[in-house]
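What follows is a single structure, written as structure tokens, with notes after it.
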Amino acid sequence: MRTLSAVVVLLLVAACQGPAPDPPPPEMTEAEIAAEVEAVSDDWWATWSAAEDFDGWMTFFADDPEVLWINDAEPFIGRAGIDAAFRPGYENMQGQENTPIEWRTIVIAPDVVCTVRITHIVQTDIAGNTTYDHRFAETIVWVKRDGEWKVLVGHGSSPNEIM
């Protein structure tokens with residue numbers, strides 16, 4: 001009888017604890033993580049190049065006080081600083097064509113990835129004039145926040161003279 005009572009008590013305790021938690025999701029491979037970030041990076045470039053939705057482009061940045069973009073050795077700190085630096089040029093841009101030259105994705109951790117993009121850009125202003133026609137290098141540290149990949153630190157540089 002004691003054994004039966006002990007079994008009943010154990011079953012009641014187990015039942016009171018509710019269902020077992022879901023097992024953790026299987027870990028993604030480095031190739032899967034890289035592909036996920038590359039898709040976001042493609043969206044980043046497409047949003048910038050279309051020159052139609054600056055606020056949408058800004059959503060790619062992490063909403064962190066330490067978010068940072070360095071452009072040709074000029075640092076812009078925080079989303080407000082990045083917005084102030086890039087909005088005027090974006091609003092004067094009709095569009096941009098990008099020809100990838102060298103694109104690499106380096107998985108540092110499951111939630112930290114670095115992309116390096118070297119591309120040839122041709123940018124046109126709203127009057128239809130070519131304003132930039134040169135190589136551009138970009139390095140971004142992407143972090144996964146609340147299930148989404150965001151830019152935490154980025155750097156862009158281009159040569160001083162137009163090609």
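Judged as a side-chain hydrogen bond (donor to acceptor under 3.5 Å, both in side chains), and not counting sequence neighbours, the contacts of Asp64 are Arg145.
Side-chain heavy atoms closer than 4.5 Å link hydrophobic residues (I, L, V, M, F, W, Y) into clusters, and following such links, possibly through other members, connects Phe54 to Met93. Hydrophobic cluster membership is shared by Met58 and Phe86, with clusters built from Ile, Leu, Val, Met, Phe, Trp and Tyr side chains linked at under 4.5 angstrom. In the hydrophobic cluster analysis, where Ile, Leu, Val, Met, Phe, Trp and Tyr join through side-chain heavy atoms closer than 4.5 angstrom, Ile108 is grouped together with Val153. In the hydrophobic clustering of this structure, Val141 does not group with Val67; members are Ile, Leu, Val, Met, Phe, Trp, Tyr whose side-chain heavy atoms approach within less than 4.5 Å, directly or through other members. Under the 4.5 Å side-chain heavy-atom criterion for ILVMFWY residues, no single connected hydrophobic cluster contains both Ile70 and Ile140.
Donor-acceptor pairing under 3.5 Å is lacking for the side chains of Asn71 and His155. Thr131 and Asp125 share no donor-acceptor pair across their side chains, judged by distance under 3.5 Å alone. Defined by atom type and a distance below 3.5 Å, a donor-acceptor pair is missing between the side-chain atoms of Glu74 and Trp69. If you check the side chains of Thr115 and Trp103, you find no donor sitting under 3.5 Å from an acceptor. Arg117 and Ser41 share a side-chain donor-acceptor pair at under 3.5 Å.
A salt bridge between Asp83 and Arg87 is present, with a side-chain N of the basic residue lying under 4.0 Å from a carboxylate O of the acidic one.
Atom CG of Asp53 sits about 7.0 Å away from atom OG1 of Thr47, to the nearest 0.5 Å. We find the CD-CD1 distance between Glu30 and Ile106 to be 11.0 Å, quoted to the nearest 0.5 Å. To the nearest 0.5 angstrom, Gln96 atom CD is 11.5 Å from Thr130 atom OG1. Separating the CZ atom in Phe61 from the CZ atom in Phe76 is a distance of 10.5 Å, to the nearest 0.5 Å. Going from atom CD1 of Ile126 over to atom CG of Asn92 covers 4.5 Å, rounded to the nearest 0.5 Å.
Annotation for Glu97: atom CD does not count as buried by contact number, only 12 or fewer foreign heavy atoms lying within 6.0 Å.
Proximity of Trp48 to Asn98: side-chain heavy atoms (C-beta onward) are nowhere separated by under 4.5 Å. By the 4.5 Å heavy-atom criterion applied to side chains, Trp45 and Glu138 are counted as neighbours. Side-chain contact between Lys150 and Phe60: absent, with no pair of heavy atoms (C-beta onward) separated by less than 4.5 Å. A 4.5 Å side-chain heavy-atom check between Arg79 and Asp63 finds at least one atom pair inside the cut-off.
Hydrophobic cluster of Ile118: the remaining members, joined at side-chain heavy-atom separations below 4.5 Å, are Ile101, listed by chain and number.
When the options Met28, Glu27, Glu38, Lys144 are evaluated for a side chain to side chain contact (heavy atoms under 4.5 Å, CB included) with Ile33, the one that passes is Met28. Checked options Leu152, Asp111, Val151, Val113; the residue passing with Val143 is Leu152 (criterion: side chain to side chain contact (heavy atoms under 4.5 Å, CB included)).
Of the possible polar contacts, none joining the Thr119 side chain to the Phe136 backbone as a donor-acceptor pair under 3.5 Å is found. The backbone N or O of Glu52 lies less than 3.5 Å from a partner atom in the side chain of Tyr90, making a donor-acceptor pair. With Thr59 contributing its side chain and Gly56 its backbone, the two residues share a donor-acceptor pair below 3.5 Å.
What you find for Ser158 and His134 is that their closest heavy atoms are CB-NE2, 3.2 Å. Of all heavy-atom pairs between Cys114 and Thr139, the closest is SG-CG2, 3.7 Å.
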